[in-house]
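Below: one structure, written as structure tokens.
Within every chain, numbering begins at 1; the chains are lettered A, B, ... in the order of the sequence lines, protein sequences first and strands thereafter.
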Amino acid sequence: NAGVTQTPKFRVLKTGQSMTLLCAQDMNHEYMYWYRQDPGMGLRLIHYSVGEGTTAKGEVPDGYNVSRLKKQNFLLGLESAAPSQTSVYFCASSYSNQAGGSYNEQFFGPGTRLTVL
Amino acid sequence: GENVEQHPSTLSVQEGDSAVIKCTYSDSASNYFPWYKQELGKRPQLIIDIRSNVGEKKDQRIAVTLNKTAKHFSLHITETQPEDSAVYFCAASNDDYKLSFGAGTTVTVRA
């Protein structure tokens, strides 16, 4: 099992450019999340999904869009990148509540380092 | 929404000593409190968690305590080792899936 994977690992954009970050998980998890990590600010939730075809806003959703067309994939889009979106982006996934066990554990991907010039 | 504050932001300890990180939360409905460890350049990983119906949980050298009345919880690492050097994040949840994270504590274990 690969767990949670993210592509790309690194990316440099110019202000105004667009891009899509891809997250994939092979653990059959219902829930998926996108976070951004900035120094001194911890992990902040951008958007999340509780199942295929559903998405919801997190703590810092402005400037981002997401889609979950397939259960195993969660895409994060930046339509017009800004320097304030320079960050490390982490995707995570977890079981739904009904799965039992450590069902709240979120499994993180390796991260994408994005720089917007 | 939930607000989680974490202290200290940095912590330096001598190998073999104990380390304590404290977090407070604002939402009295929060009922799940995990701790994640992130080594340099790596992804965060769950190391221990506790639910609101339990006051303390221990796993080898790490333990977490929860005070619901005061709305704070702490991570205790005993007999620290060099491999304990990392950033530690506390988090809280009131719905069993979305997490609100603290800002993180950078722990350095001095040999």
Determine, for [X] against [Y], whether the closest basic-nitrogen to carboxylate-oxygen distance falls under 4.0 angstrom.
| X | Y | answer |
| --- | --- | --- |
| K22(B) | E5(B) | no |
| D49(B) | R51(B) | no |
| E39(B) | K37(B) | yes |

So which bits of [range] come within less than 4.5 Å of chain B, counting non-hydrogen atoms only?
| range | answer |
| --- | --- |
| residues 109-117 of chain A | G109(A), P110(A) |
| residues 44-69 of chain A | L45(A), Y48(A), V50(A) |
| residues 2-16 of chain A | V4(A) |

Does a side-chain heavy-atom distance below 4.5 Å link [X] with [Y]?
| X | Y | value |
| --- | --- | --- |
| M19(A) | L21(A) | yes |
| T20(A) | L22(A) | no |
| I50(B) | W35(B) | no |
| Q25(A) | F107(A) | no |
| C91(A) | M32(A) | yes |
| L66(B) | Y25(B) | yes |
| Y95(A) | Y97(B) | no |

Quiz prompt | Atom group of P34(B) that falls short of 4.5 Å from chain A, counting heavy atoms | solution =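 It is neither, since no heavy atom gets under 4.5 Å.
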Self-check item: Q38(B) portion near chain A, given a 4.5 angstrom heavy-atom threshold
Solution: side chain
Quiz prompt | salt bridge (Lys or Arg N to Asp or Glu O under 4.0 Å) evaluation trace for R36(A) with D38(A) | solution = CA-CA 7 Å; R36(A) 60 178 290 172; D38(A) 302 292; 2.8 Å; yes
Quiz item: Can you name the closest pair of heavy atoms from N31(B) and F33(B) and give their distance?
Solution: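 Scanning both residues completely, I find the closest heavy atoms to be C-CE1, 3.8 Å.
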Quiz item: Hey, does the side chain of K71(B) reach the backbone of S26(B) with a donor-acceptor pair shorter than 3.5 angstrom?
Solution: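 Yes; judged by distance alone, with no hydrogens or angles, the pair exists.
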Practice problem: Could you tell me whether the side chain of S85(B) and the main chain of V109(B) form a donor-acceptor pair under 3.5 Å? | Solution: yes
Quiz item: Do any of residues 72-84 of chain B come closer than 4.5 Å to chain A, heavy atom to heavy atom, and if so which ones, in number order?
Solution: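 The stretch does not come within 4.5 Å of chain A.
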Practice problem: Answer with yes or no after comparing the ring centroid distance for F90(A) and Y35(A) against a 6.0 Å cut-off, counting only values under it. | Solution: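 No, the ring centres sit 6.0 Å or more apart.
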Practice problem: Assess the pair Y36(B) and F101(B): is the distance between their ring centroids shorter than 6.0 Å? | Solution: yes
Practice problem: Give a yes or no on whether K71(A) atom NZ has more than 12 heavy-atom contacts from other residues, nucleotides or ligands under 6.0 Å away. | Solution: yes
